[in-house]
Protein chains: 2
Amino acid sequence: MLRIAKLTDYATLLMVRLARDPARSFSAAQLADELRIPLPTVAKLLKRLLQAHLLTSVRGVGGGYSLAHAPRAISVAEVVSAIEGPVALTECARGAGNCSLEGGCAAGSNWKLISRAVRVALEAVSLADMAMPPLQSVHVQALQEKKP
Amino acid sequence: MLRIAKLTDYATLLMVRLARDPARSFSAAQLADELRIPLPTVAKLLKRLLQAHLLTSVRGVGGGYSLAHAPRAISVAEVVSAIEGPVALTECARGAGNCSLEGGCAAGSNWKLISRAVRVALEAVSLADMAMPPLQSVHVQALQEKKP
DNA sequence: ATAAATAGGACTATATAGGTACTGTTTAGT
DNA sequence: ACTAAACAGTACCTATATAGTCCTATTTAT
Ligand code: FES
Ligand code: FES
């Protein structure tokens, strides 16, 4: 399905929560408890987000996670990429040799462009936007009125 | 992953092929042979596309499939929807009760807007566009230059 | 009558996502 | 120094949904 993974959904919830208090530091247990997500899953996701350099961590007693950048500076696209890899709608849009029939296929290059459009849509929304619904970002507004 | 299903990829290939000769009628076997896709899979996809009213069929000897509308009038979004259901990035963006934590979640309504943006991006590209690479559609052009 | 072709559905095998567990490392407090 | 809190890394299992196949019925030109 053309749908983000459930884990990605969770990850954005985590990031949005952190974005509400960018100064504070949260432990994995705190977040799991507050958002009602199983702790092991939360821990796993936080690790992946850390490796993507979207979070900073402090170890030991009293440690925890916090955002690596300002909420405004982190896009939804980055969160999605961190969890499920680069946004590419088709196999062939990501690299060579992935798609079965690269030779005889006319649609390949077009899928690349469509993927880019989707990526841009996700890049246009920041965590700061997500933290305060309903979303009023001008970027997204613009994306709405594309249909003639 | 934020990726269309492989079957959807195949389906677009089929539709693009049909779009090149909108007048002609193709049998499932012809398409399978020409595109190098297993026949049973092709047959299955064509059935689904038919049920979505994107194709018309003629049974019996000499029968086959052809587009139900002009290539310009069928969007990629319609093909995607026919194969894998409506475009909704999150569970909750589709209907109520699907997402685990609708109550305490702030991001829900924003995901709906993002889904819409993606949907619009897919609606902006027609089969006629896909049939002639590289894609020069003004709609897609516009979607490219969203990033400031 | 026969063969070509679609219509519809049921079934299985497999890849992937989702979730869990275990072990190691760092650090604050006592 | 010792202990407990918390992150770091890895490896593994399981449930689910995708991809793919098969079978049977119906329609129609020759
Ligand atoms: S090369 Fe991948 S769909 Fe055409
Ligand atoms: S309600 Fe589904 S992600 Fe928030």
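Naming: A, B, ... by sequence-line order, numbering from 1 per chain. No experiment lies behind these values; they were computed from the predicted model shown.
Here A:Ser57 reaches the OP1 or OP2 of D:dA8: one of its side-chain N or O atoms lies under 4.0 Å away. An OP1 or OP2 oxygen of C:dA17 is reached within less than 4.0 angstrom by no side-chain nitrogen or oxygen of A:Tyr10. For the OP1/OP2 pair of D:dA19 and a distance below 4.0 Å, the side-chain nitrogens and oxygens of B:Thr41 include no atom meeting the criterion.
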Close N or O pairs between protein and nucleotides 26-30 of chain D (under 3.5 Å):
unit_1: D:dT26; atom_1: O2; unit_2: B:Arg59; atom_2: NH2; d: 3.1

Between the protein and nucleotides 8-11 of chain C, are there any N/O to N/O pairs under 3.5 Å, and if so, what are the atom names and distances?
unit_1: C:dG8; atom_1: N7; unit_2: B:Lys47; atom_2: NZ; d: 2.9
unit_1: C:dG8; atom_1: O6; unit_2: B:Lys47; atom_2: NZ; d: 3.2

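Note that CD of B:Glu78 is 8.5 Å distant from CG of B:Leu127, once rounded to the nearest 0.5 Å. Here the straight-line distance linking atom CD1 of B:Ile74 with atom CE of B:Met130 works out to 13.0 Å at 0.5 Å rounding. The CD1 atom of B:Ile4 sits 15.0 Å away from the CZ atom of A:Arg3 when rounded to the nearest 0.5 Å. Once rounded to the nearest 0.5 Å, the distance linking CE of A:Met15 with OG of A:Ser75 reads 9.5 Å. Rounding to the nearest 0.5 angstrom, the gap separating the CG atom in A:Leu45 from the CG atom in A:Leu50 is 12.5 Å.
The distance from atom CG of B:Leu55 to atom C1' of C:dA5 is 15 Å, rounded to the nearest whole Å. The CG-P distance, from B:Asp9 to D:dG20, rounds to 11 Å in whole Å. In this structure, A:Arg3 atom CZ and D:dA17 atom C1' are separated by 10 Å, rounded to whole Å. Taking atom CG of B:Asp33 as the reference point, atom C1' of C:dA4 lies 16 Å away to the nearest angstrom. Atoms CG (A:Leu49) and C1' (D:dC7) sit 14 Å apart, rounded to a whole Å. Nucleotide C:dT20 holds its P atom 10 Å from the CG atom of A:Leu39, rounded to whole Å. One can place CD1 of A:Ile83 at 16 Å from C1' of C:dT16, the figure rounded to the nearest angstrom. When rounded to the nearest whole Å, the span between CD of A:Gln30 and P of D:dA6 equals 8 Å.
Residues satisfying the side chain to side chain donor-acceptor pair (under 3.5 Å) criterion with B:Thr8, sequence neighbours excluded, are B:Glu84. Residues satisfying the side chain to side chain contact (heavy atoms under 4.5 Å, CB included) test with A:Pro38, not counting sequence neighbours, are A:Pro40, A:Thr41. A:Arg17 meets the side chain to side chain contact (heavy atoms under 4.5 Å, CB included) test with A:Arg20, A:Asp21, A:Arg24, A:Phe26, A:Leu31, A:Glu34, A:Leu35; sequence neighbours excluded. A:Ser81 pairs by the side chain to side chain contact (heavy atoms under 4.5 Å, CB included) definition with A:Val87, not counting sequence neighbours. In this structure A:Ser66 satisfies the side chain to side chain contact (heavy atoms under 4.5 Å, CB included) test together with A:Thr56, sequence neighbours excluded.
The side chain of B:Lys6 approaches D:dA19 more closely than any other nucleotide in the set D:dA19, C:dG18, D:dC7. Out of D:dA8, D:dA19, C:dT20, the shortest distance to the side chain of A:Pro40 is found at C:dT20.
Residue A:Ala29 is out of contact with every strand shown, counting any heavy-atom pair closer than 4.0 Å. Across all strands, A:Ala43 comes closer than 4.0 Å to no nucleic acid atom at all (heavy-atom distances).
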